[in-house]
2 protein chains.
Amino acid sequence: MLPIGVHTKSEASNCSIRSVLSNVTGKWRMIIILALEDEPKRFGEIKRCIGDVTQRVLTENLRGLQRDGYLTRTVDPGPPVAVSYALTPQGRALLELLKPLVYWSHEQMDDVKTARMEYDRAHPG
Amino acid sequence: MLPIGVHTKSEASNCSIRSVLSNVTGKWRMIIILALEDEPKRFGEIKRCIGDVTQRVLTENLRGLQRDGYLTRTVDPGPPVAVSYALTPQGRALLELLKPLVYWSHEQMDDVKTARMEYDRAHPG
DNA sequence: TCATGTAGTTACTTTAAGGATACTACCATA
DNA sequence: TATGGTAGTATCCTTAAAGTAACTACATGA
């Protein structure tokens with residue numbers, strides 16, 4: 001059995017598996033990894049690709065993914081300076097695990113909508 | 001290309017794929033689904049299995065998963081009353097997609113720890 | 001009768017994630 | 001000269017998720 005549950009107070013802070021999975025459970029990290037699937041991208045390209053993320057939040061999440069070894073940050077000292085982000089082999093491995101989940105979610109959308117409506121009708125208030 | 005990015009304000013509220021993925025991106029839902037892998041479990045069993053979740057949060061997340069069609073809630077009107085939760089076929093399909101991710105995370109733990117230490121050493125302050 | 005277990009609900013507080021806005025500093029193009 | 005693009009940082013604010021604690025209501029067993 002995998003150590004997913006946490007059974008003492010002291011375990012909670014260093015439940016490693018949750019810590020690794022946090023690269024997926026944030027609102028933006030999965031999206032950033034998917035955005036880098038085809039080729040390395042620059043900061044602005046990623047931002048445009050995602051659309052509704054602020055610079056500050058994008059920077060934070062890129063740093064987090066870089067820190068965990070899922071992408072690299074390369075500065076080309078121009079001029080003009082250009083910074084590009086690319087998936088590492090580990091990042092690509094994670095991407096390959098995420099893709100089935102994303103495609104499946106896409107297929108599930110209608111079923112989930114229906115299930116929600118039925119639940120809300122069966123459980124009013 | 002999947003509609004993961006959001007490019008207008010109005011799209012943001014109903015980006016369906018994110019809405020489905022929210023069953024994975026919460027702190028507890030993935031853990032609950034994994035907890036139900038082997039057999040249906042009762043409220044208290046799930047709670048003991050996870051360990052550090054509060055009753056209130058567990059209730060909320062069970063309701064959310066039930067609402068989206070990933071698990072069923074069955075009341076056996078005893079006495080004593082017993083409530084059991086079980087994965088639906090959709091819940092089980094989601095579980096099968098999550099398992100590779102969880103096992104992989106488990107394998108990655110050491111690499112991630114190392115990567116974090118290296119990053120922190122290379123980027124002090 | 002008193003403690004324990006079952007499955008919750010209600011009210012309040014805290015925390016982390018994300019958002020808004022303004023700013024730097026450099027460069028290119030019109 | 002001014003406008004826009006590049007890649008951010010700094011500061012403050014809002015919100016959603018989660019946590020804490022107390023409570024219900026019913027049942028079992030000591």
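Sequence lines set the chain letters: A, B, ... in the order given, protein chains first and strands last, and positions in each chain run from 1. The structure presented is a predicted model; accordingly, all values stated were derived computationally and were not measured.
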Let's go through B:Tyr85 and B:Ile32 carefully: what are the C-alpha distance in whole Å and the side-chain angles of both, what is the deciding distance for side-chain contact (heavy atoms from CB on, under 4.5 Å) to 0.1 Å, and is it a yes or a no? CA-CA 10 Å; B:Tyr85 295 87; B:Ile32 292 170; over 6 Å; no

May I have the distance from [X] (atom [atom1]) to [N] (atom [atom2]), rounded to whole angstrom?
| X | N | atom1 | atom2 | answer |
| --- | --- | --- | --- | --- |
| A:Asn61 | D:dT9 | CG | C1' | 16 Å |
| A:Lys41 | D:dG8 | NZ | P | 16 Å |
| A:Phe43 | C:dA25 | CZ | P | 18 Å |
| A:Asp76 | D:dG8 | CG | P | 13 Å |
| B:Ile32 | D:dA17 | CD1 | P | 14 Å |
| B:Lys47 | D:dG19 | NZ | C1' | 11 Å |
| A:Glu60 | D:dT9 | CD | P | 10 Å |
| B:Glu45 | C:dG5 | CD | P | 14 Å |

Identify whether any heavy atom of A:Arg63 sits under 4.0 Å from a base atom; if not, whether one sits that close to sugar-phosphate; answer base, sugar-phosphate or nothing.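 Sugar-phosphate: the residue A:Arg63, judged by heavy atoms under 4.0 Å, touches backbone atoms but no base.
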
How is A:Arg73 classified with respect to the nucleic acid when contacts are heavy atoms under 4.0 Å: base, sugar-phosphate, or nothing?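 The residue A:Arg73 makes sugar-phosphate contact but no base contact.
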
Check whether any side-chain nitrogen or oxygen of [X] sits under 4.0 Å from OP1 or OP2 of [N], and answer yes or no.
| X | N | answer |
| --- | --- | --- |
| B:Arg56 | D:dA18 | no |
| A:Trp28 | C:dG19 | yes |
| B:Lys27 | C:dA16 | no |
| B:Arg42 | C:dA7 | yes |

Between [Y] and [X], is there a salt bridge with N-O shorter than 4.0 Å?
| X | Y | value |
| --- | --- | --- |
| A:Glu96 | A:Lys99 | yes |
| B:Glu39 | B:Lys41 | yes |
| A:Glu60 | A:Arg56 | yes |

A:Trp104-B:Val102 co-clustered via ILVMFWY side chain contacts under 4.5 Å: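 Same hydrophobic cluster.
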
Among D:dG8, C:dG19, C:dG8, find the nucleotide with the atom closest to the side chain of A:Thr59.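 Nucleotide nearest to A:Thr59's side chain: D:dG8.
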
Go through D:dA18, D:dT6, C:dT9 for me and flag the one nearest to the B:Gln55 side chain.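 Closest nucleotide among those given: C:dT9.
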
